[in-house]
Asker: 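To start, I am sharing the structure in question, which I have written as structure tokens.
This one's a predicted model, so the numbers in the text were calculated from it and none came from an experiment. This chain uses plain numbering: 1 for the first residue, then up along the sequence. Both ligands and their constituent atoms are indexed starting at 1 by order of listing.
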Amino acid sequence: MSNKIIDNVYSVGVVDKDVRMFHGYFTPIGTTYNSYLVIDEKITLVDFVKAAFADEFLQNLEEVLQGRMIDYIVCNHVEPDHSGALPKVMEKYPQAMVYGTANCAKGLKAYYPDAKYDFTTVKLGDVLNTGKYNFKFIPMPMVHWPDSMSTYLEEEELLFSNDAFGQHTGTGELLDTENGLEKLIDRSADYFANILLPFCGQILKLLDQISGLKLRIVCPSHGVIITKYIPEILQKYVSWCNNETEEKRVLIVYDTMWGTTRKLAEKLNREYSEKGFDVEVINLTEHHYSDAMSRALEAKYIFVGSPTLNNNMLPSVSAFLIYLKGLRPKKRIGKAFGAYGWSGESISQINEILISCGFEMEEPLKVLWNI
Ligand code: FEO
């Protein structure tokens, strides 16, 4: 289905309500692969969708095009959730010129070696004129891949921001106004924590680059289009990029074998709550590790617990820590805790990983058998 956003600009992407795993990130309400069609003297498509949705995507395009052809395609990002439909689109619209960064050109060639298309490489400051509209290209390397780019439609004060400012929201809502600011911030925070957190430096650079632009509409490549709450989201992005956290918020993440590590988690919860901290406890048997990561975004204290199993921590805790380390939260205070029966390696292993994340560490809490 296509939707008109404003005169001449249409949303032609697809809803993937069933996807539950997005490279390690649990997506309980699915996502969307957004794509946009801009009608001018020349017609421009901004981004493709995932390959599995190519046929539905072609139908959406045709709803708006009504037999007209696409002249230009802006490929803001080569990751297959945004480029997968390229082969089928190019078969139907072979005359369309594809625009993207030099890294995009390399990526597309690697992913779609048999597809036939003409490609124009763009860099910062380059402009594509389509008649009354000018598309200004703003490469944003590592937001989220080296090829990533956003594109500014100057005359409409509209930013096609690709992965930046996205949310994994597969509910079919089109605009931020449909569910209010709180939900938008919650979903944006989940997405930022699980996708964008390692790239804070590059995102700050992007925020600086777009700070001088008039922004009326932000069209990301996932989730709802942002119209009303642009200042609030920009402000949150600055805060998240600077790793600003709630000074009195504690996140306790753990798994347990026979209940003693759970008791330790409860003990830490009581102690820190009594000291006036806002404490949240997440058990990794009951919650996916990416849920824990979402909750870690604004927590100053991150405590991690596991009993020792076969000289190691539990696999669920190990998975969380590998994920956490890759996402590189900074300026945090950590603590390792856990129960053991004889060897007790899990606690020092957790401690070492949290140190390697750059965390300032509290004394570990280690208990033999039971408390
Ligand atoms: Fe939504 Fe980096 O792809």
Asker: What do the steps show when you test D255 against S316 for side-chain hydrogen bond (donor to acceptor under 3.5 Å, both in side chains), and what is the final call?
Answerer: CA-CA 7 Å; D255 209 344; S316 55; 2.6 Å; yes
Asker: Closer than 2.8 Å to atom 2 (Fe) of ligand 1, which protein N, O or S atoms?
Answerer: H77 NE2, E79 OE1, H144 ND1, D163 OD2
Asker: Of all residues at least two apart in sequence or in a different chain, which pass the salt bridge (charged side-chain N to carboxylate O under 4.0 Å, His left out) check with D126?
Answerer: K123
Asker: Assess K275 against Y272: is NZ or CZ under 6.0 Å from the centre of the six-membered ring, and within 45 degrees of the ring's axis?
Answerer: yes
Asker: A side-chain contact here means heavy atoms from C-beta on lying under 4.5 Å apart; do V64 and I43 qualify?
Answerer: no
Asker: Give a yes-or-no answer on whether the side chains of N8 and Y133 include a donor-acceptor pair shorter than 3.5 Å.
Answerer: yes
Asker: side-chain contact (heavy atoms from CB on, under 4.5 Å) with E362: which of L268, I333, L354?
Answerer: I333
